[in-house]
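For reference, the structure discussed in these notes is given below.
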Number of protein chains: 2
Amino acid sequence: MVTTTSLAGNPYQQDCPTRRILDRIGDKWTVLIVGALGDEAVRFSELRRRVEGISQKMLTQTLRSLEDDGLVSRTVTAQVPVKVEYALTDVGQSLRAPLKALEDWSIEHLGQVLDARTAQQAA
Amino acid sequence: MVTTTSLAGNPYQQDCPTRRILDRIGDKWTVLIVGALGDEAVRFSELRRRVEGISQKMLTQTLRSLEDDGLVSRTVTAQVPVKVEYALTDVGQSLRAPLKALEDWSIEHLGQVLDARTAQQAA
DNA sequence: CAGAATCCTTCTCGATACTG
DNA sequence: CAGTATCGAGAAGGATTCTG
């Protein structure tokens, strides 16, 4: 029987683990929020200051998604005015390593990518 | 002068290297195509078979973007019918490592994320 | 302070039909 | 075989307004 030997099971599907995670972290704000949280708990307003250019809507929305996926915890302190702090969970923390790998690659190769891009536009 | 010490330069910007790369690889098909290419040259039609569910339009479009960014090379062999092969460039190859890191994390933690997600929907 | 709700624009992507 | 061109639906995200 002839099979594409190196492709047993055909791993290049839309619902493979990598793509499903990229669906979550590939949006406009997620990685920035994860970076802004780091290893400390941060208040909503402080988070909004740290993540440059984010709207209140998108900050809320992205934090909700991260919370739903168990990557971020939300702690409400009943005082006046109310205090809400967000922090990475253990799982959320563990995501920082692969993101760091991607960041390192980006820093090292973004220049080449941009050069290739502008060179292409010339043609 | 007062500065947010741990945030010198405010790294959490939309145009930071990581986000710019995620703008490229965070789309629906890029990582699947990179995976399907691996370390060999692959023809257009074969690529289309490997990447499950991709339309001809999106395959072409994503390959063009990857080519413009210098991550993929395109080789045309003039024969009848014409043969076009795509392969990862050196830069494209170097991207596989950080993507692998993300894949490993996804395989290890996707279950937890999905569990958290369904648990959240119950509430 | 930390949000919810609404409107509106832009971008992504899929489907379809045609070509050298 | 390997594309190009066009259309339209839906999602993502920004601006604005209002609230416990």
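Naming convention: chains lettered A, B, ... in sequence-line order (proteins, then strands); numbering from 1 in each chain.
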Heavy-atom contacts under 4.0 Å between residues 15-32 of chain B and DNA chain C, which residues?
Asp27(B), Lys28(B), Trp29(B)
Spacing between [X] atom [atom1] and [N] atom [atom2], to the nearest angstrom:
X: Gln14(A); N: dC13(C); atom1: CD; atom2: C1'; answer: 10 Å
X: Arg48(A); N: dC1(C); atom1: CZ; atom2: P; answer: 11 Å
X: Ile33(A); N: dA2(C); atom1: CD1; atom2: C1'; answer: 14 Å
X: Gln61(A); N: dA12(D); atom1: CD; atom2: P; answer: 8 Å

Looking at Asp69(B) and Arg117(A), does any basic side-chain N land under 4.0 Å from a carboxylate oxygen?
yes
Summary of ring-ring contact (aromatic ring centres under 6.0 Å, His included) pairs that have at least one residue in residues 101-123 of chain B, sequence neighbours excluded:
Trp105(B)-His109(B)
Under the side-chain hydrogen bond (donor to acceptor under 3.5 Å, both in side chains) rule, collect the residues that match up with [X], sequence neighbours excluded.
X: Lys100(A); result: Asp104(A)
X: Glu108(B); result: none
X: Arg19(B); result: Asp23(B)

By side-chain contact (heavy atoms from CB on, under 4.5 Å), which residues pair with Asp27(A), not counting sequence neighbours?
Arg24(A), Thr30(A), Thr62(A)
Which pairs with one or both residues in residues 72-83 of chain A pass side-chain hydrogen bond (donor to acceptor under 3.5 Å, both in side chains), sequence neighbours excluded?
Arg74(A)-Tyr86(A)
By salt bridge (Lys or Arg N to Asp or Glu O under 4.0 Å) - contacts of Arg20(A) (at least two apart):
none
Scan nucleotides 1-7 of chain D nucleotide by nucleotide, 5' to 3', and note B when protein non-hydrogen atoms come under 4.0 Å of the base, S if they reach only the sugar-phosphate, - if neither.
SSBB-BB
